[in-house]
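Have a look at the structure below, then the notes.
In what follows, chains carry the letters A, B, and so on, assigned in the order in which the sequence lines appear, proteins first and then strands, with residues in each chain numbered from 1. Keep in mind that what you see is a predicted model, and the values were worked out from it rather than measured.
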Amino acid sequence: MPSFQTTPGTRDILPPDAARWRSFVEEFDAVVSLAGFQHIVVPMFEDLGVFQRLGDATDVVTKEMYDFVDKGGRHVALRPEQTAGVCRSFAQHRPLPPWKVWYSGPNFRYERAQHGRYRQFDQVGVEALGSDDPLLDVEVIALAVEFFQNLGLRNVVLNINSLGDSGDRARYVEALSQYFQGHISELSPESVATLERNPLRVLDSKRESEQAVVAQAPSISGFLSDEAASHFAQVKQGLDALDIAYVVNERLVRGLDYYCRTTFEFQSTALESAQTAVGGGGRYDGLVEDLGGPATPGIGFAIGLDRTLLACDAEQVFPHPSTKADVFVIDTTGGMQALQLCQQFRTAGFASDRAYGGRAMKAQMKAADKSGATYAVIIGTDELSQGVATVKSMVDGQQEEILLDAVVQHVAAQLGKVNS
RNA sequence: GUGGGCGUAGCUCAGUUGGUUAGAGCGUCGGUUUGUGGUACCGAAGGUCGGGGGUUCGAGACCCCUCGUCCACCCCA
């Protein structure tokens, strides 16, 4: 048993998975950059108050925060998500709106780990601040759709809803609260507790016994102001115009309190587990103001890396990037030749690798095979004395002797031929 | 935080109703006479059975505690 292992809910992303993570982010970068979103990096921890603005009724804030007092007496917390940090950044620096940014990186929530749920988990996401144009909502949603498609995912369903403006939302919550109070005997003890903290969340219950009560609950749509209803209608029109399929789900309330108007969530139907939400987001028109900035509307989404990658596995798409070497240098004369040749290949831009420790030729050949190299360059005592190297194709086994000085050029030419 | 399953070599797992030096496959390393891989064969290294306590003549196997992990609730990406 090793002395230490990863702390609960955290894990090492080992090769080759880490490479896949990286290309996941690169793919996201490519998609959102085309839409004018620029990269932003915000701190991994901030003043606790920044995150408390997410809402005092959300578990993310009340139960799951990694907060601590630092050596300077500041009460800080590891970020549970990045939207609040981005909004704080906007309030702090006052960039010119519309401000469209994207991010990636780890977030932290203290909860029990499960399939697709970890205490340290990575997300990619975008935030667009400074416009309440419903067609911006559409653009943002379309980016996520585009990204999922580029990954190769086909079984991702888009759910959308509107929570209305804060006044609408308040009236709805009141009505919902009354409704559930009237049916309190049909609710589980857990839901009764939830009802006191955040009636909206009762709609999310997965407990079989109360599905009927939940289904009969009043819908948000009846509480939307004309303005909010019109906004939502335009969002739907925009989605239709882009031929983006969606399901209006009036039970979709989402967990962070700051959401208003448009909210959406992407569910993977390929995932069997409890965590099927691979991404989600919505409007948060009051958040920047809450953080001391000017009244600024905003919308964004976050996509979970782990879950989305699990969905990719389930659909057998987005394979790991290749790590094949171009050439593997085998040296049975002590290793100095391999050292130099590898260096030359790398300088020339070719992926080259070798074995270490003076292993037998057969062992080195095995290593060459495992490296996936297209060519093996062999230097034994015979070759060295003649100033040549044997260049062997690992594909068809053909080999020929090439002057040592010309090996890199030769193999480079051959690889160029193969690649084109 | 609540409930349940699990925790044996790097990985995936076997380990009869508790009984001598804990096994397999994969992987790793080495070899199968003449310097060359992907198949086959042979061999080797590598666990004291998550940790602690207890029951017993004797425990990987039974009991308790603890840690970890997985799943569900919850929460959310």
(message) Would you say A:R346 and A:S352 are linked by a side-chain donor-acceptor pair, where the criterion is simply a distance under 3.5 Å?
(response)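 Yes, because at least one side-chain N or O of A:S352 sits under 3.5 Å from a partner of the opposite role on A:R346.
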
(message) Under a plain distance cut-off of 3.5 Å, with no hydrogens placed, do A:Q216 and A:Y179 share a side-chain donor-acceptor pair?
(response)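 A:Y179 vs A:Q216: no donor-acceptor pair found between side chains.
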
With a non-hydrogen cut-off below 4.0 angstrom, is [X] in contact with a base, only sugar-phosphate, or nothing?
{"X": "A:E383", "result": "base"}
{"X": "A:G380", "result": "base"}
{"X": "A:G281", "result": "nothing"}
{"X": "A:S205", "result": "sugar-phosphate"}
{"X": "A:P80", "result": "nothing"}
{"X": "A:G9", "result": "sugar-phosphate"}
{"X": "A:D382", "result": "base"}
{"X": "A:A363", "result": "sugar-phosphate"}
{"X": "A:A277", "result": "sugar-phosphate"}

(message) If you assign A:R359 and A:F266 each to the RNA chain B nucleotide with the nearest heavy atom, which residue ends up on the more 5' nucleotide?
(response)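 Nearer the 5' end of the strand: A:R359.
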
(request) Take A:T332 and A:Q123, find for each the nucleotide of RNA chain B with the closest heavy atom, and name the residue whose nucleotide sits nearer the 5' end. (result)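 By nearest-heavy-atom nucleotide position, the 5'-most residue is A:T332.
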
Tell me which nucleotide, if any, is Watson-Crick or G-U wobble paired with [N] when both distances must be under 3.5 Å.
{"N": "B:rU28", "result": "B:rA44"}
{"N": "B:rG37", "result": "none"}
{"N": "B:rG1", "result": "B:rC73"}
{"N": "B:rC62", "result": "B:rG54"}
{"N": "B:rG7", "result": "B:rC67"}

Between [X] ([atom1]) and [N] ([atom2]), how many Å, whole number?
{"X": "A:Q114", "N": "B:rG1", "atom1": "CD", "atom2": "C1'", "result": "13 Å"}
{"X": "A:D306", "N": "B:rA77", "atom1": "CG", "atom2": "P", "result": "14 Å"}
{"X": "A:D396", "N": "B:rU36", "atom1": "CG", "atom2": "P", "result": "19 Å"}
{"X": "A:K392", "N": "B:rG37", "atom1": "NZ", "atom2": "C1'", "result": "6 Å"}
{"X": "A:F328", "N": "B:rG38", "atom1": "CZ", "atom2": "P", "result": "14 Å"}
{"X": "A:I330", "N": "B:rG38", "atom1": "CD1", "atom2": "C1'", "result": "13 Å"}
{"X": "A:K366", "N": "B:rU36", "atom1": "NZ", "atom2": "C1'", "result": "12 Å"}
{"X": "A:K362", "N": "B:rU32", "atom1": "NZ", "atom2": "P", "result": "8 Å"}

Side chain of [X]: nearest nucleotide among [options]?
{"X": "A:M361", "options": "B:rG35, B:rC73, B:rC71", "result": "B:rG35"}
{"X": "A:A113", "options": "B:rC70, B:rC73, B:rU28", "result": "B:rC70"}
{"X": "A:A360", "options": "B:rU36, B:rC76, B:rG31", "result": "B:rG31"}
{"X": "A:Q5", "options": "B:rG68, B:rA77, B:rA72", "result": "B:rG68"}
{"X": "A:M365", "options": "B:rU69, B:rA77, B:rU36", "result": "B:rU36"}
{"X": "A:D369", "options": "B:rG37, B:rU69, B:rC75", "result": "B:rG37"}

(message) Minimum heavy-atom separation for A:L291 and A:A84, please, with both atom names.
(response)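 Taking A:L291 first and A:A84 second, the nearest heavy atoms are CD1-O, 3.7 Å.
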
(request) State which residue, out of A:V126, A:D122, A:L151, A:V124, fulfils the side-chain contact (heavy atoms from CB on, under 4.5 Å) condition with A:I303. (result)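 When side-chain contact (heavy atoms from CB on, under 4.5 Å) is applied between A:I303 and each of A:V126, A:D122, A:L151, A:V124, only A:V124 qualifies.
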
Pick the [atom1] atom in [N] and in [M], then give their distance to the nearest Å.
{"N": "B:rG50", "M": "B:rG60", "atom1": "P", "answer": "10 Å"}
{"N": "B:rG46", "M": "B:rA9", "atom1": "P", "answer": "15 Å"}
{"N": "B:rC11", "M": "B:rG5", "atom1": "P", "answer": "24 Å"}
{"N": "B:rA40", "M": "B:rG53", "atom1": "P", "answer": "46 Å"}
{"N": "B:rG3", "M": "B:rG10", "atom1": "C1'", "answer": "33 Å"}
{"N": "B:rG15", "M": "B:rA24", "atom1": "P", "answer": "15 Å"}
{"N": "B:rU66", "M": "B:rC76", "atom1": "C1'", "answer": "30 Å"}
{"N": "B:rG23", "M": "B:rG47", "atom1": "P", "answer": "14 Å"}

(message) With heavy-atom distances below 4.5 Å as the criterion, would you say the side chains of A:T347 and A:Q344 are in contact?
(response)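 Contact flag for A:T347/A:Q344 side chains = no.
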
(message) In the structure I gave you, are the side-chain heavy atoms of A:L129 and A:V86 within less than 4.5 Å of one another anywhere?
(response)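 Sidechains of A:V86 and A:L129: in contact.
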
(request) For A:D168 and A:D165, indicate whether the former's side chain and the latter's backbone hold a donor-acceptor pair under 3.5 Å. (result)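 Yes.
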
Does any N or O donor sit under 3.5 Å from an N or O acceptor when you compare the side chain of [X] with the base of [N]?
{"X": "A:E111", "N": "B:rA77", "answer": "yes"}
{"X": "A:Q364", "N": "B:rU36", "answer": "no"}
{"X": "A:R109", "N": "B:rC76", "answer": "no"}
{"X": "A:E64", "N": "B:rG1", "answer": "no"}
{"X": "A:R112", "N": "B:rC73", "answer": "no"}
{"X": "A:R201", "N": "B:rC76", "answer": "no"}

(request) To the nearest 0.5 Å, tell me how far A:E81 CD sits from A:Q123 CD. (result)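 One finds 7.5 Å between CD of A:E81 and CD of A:Q123.
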
(message) Working to the nearest 0.5 angstrom, can you tell me the gap between A:L163 CG and A:R169 CZ?
(response)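 Answer rounded to 0.5 Å: 5.5 Å.
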
